[in-house]
Amino acid sequence: EAGVIERFVDGPGKNATLPAGLAKRRLGRLYYSSARQYAKEREFAKARDSIKKSLAHKLSFKTIALAMWIIIRGMLGK
């Protein structure tokens, strides 16, 4: 779903019917939820990638807290 939204917003057509802010919030939420799921499955490398993408789209306290937890858990090992 995230790939479809990114192509829709950043693609060659750049459809103006979807506000950029709305798309960025949705992408941030999608990447945040995927990062949480990867973290639960102890896939910390994939979780880091997803949380980086989430932070690029939407900055929130929950996202920053999850990013810190993923980084610390990844450093401490599985």
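Taken to the nearest 0.5 Å, the CD atom of Glu43 stands 12.0 Å off from the CD1 atom of Ile70. Taking OG of Ser54 as the reference point, atom CZ of Arg29 lies at 10.5 Å (rounded to 0.5 Å). A distance of 7.0 Å separates OG of Ser60 from OH of Tyr32, quoted to the nearest 0.5 Å.
Using modelled atom types, no side-chain atom of Ser50 and backbone atom of Ala47 make a donor-acceptor pair closer than 3.5 Å.
Between Ile72 and Trp69, every side-chain heavy-atom pair lies at or beyond the 4.5 Å cut-off.
In this structure, Tyr38 is not a member of the same hydrophobic cluster as Leu66, with clusters built from ILVMFWY side-chain heavy atoms closer than 4.5 Å.
In plain terms, the two heavy atoms of Ala35 and Ile51 that are nearest each other are CB-N, 3.8 Å.
In the hydrophobic clustering (ILVMFWY side chains linked at under 4.5 Å, chained through shared members), Met68 is joined by Leu55, Leu59, Ile64.
Applying the salt bridge (Lys or Arg N to Asp or Glu O under 4.0 Å) test to pairs two or more places apart or on separate chains, none has a residue in residues 52-70.
The ring-ring contact (aromatic ring centres under 6.0 Å, His included) check on Tyr31 picks up His57, with sequence neighbours excluded.
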(request) Let me see the working for Lys46 and Phe44 under side-chain contact (heavy atoms from CB on, under 4.5 Å), right down to the final yes or no. (result) CA-CA 5 Å; Lys46 290 180 181 179; Phe44 293 109; over 6 Å; no

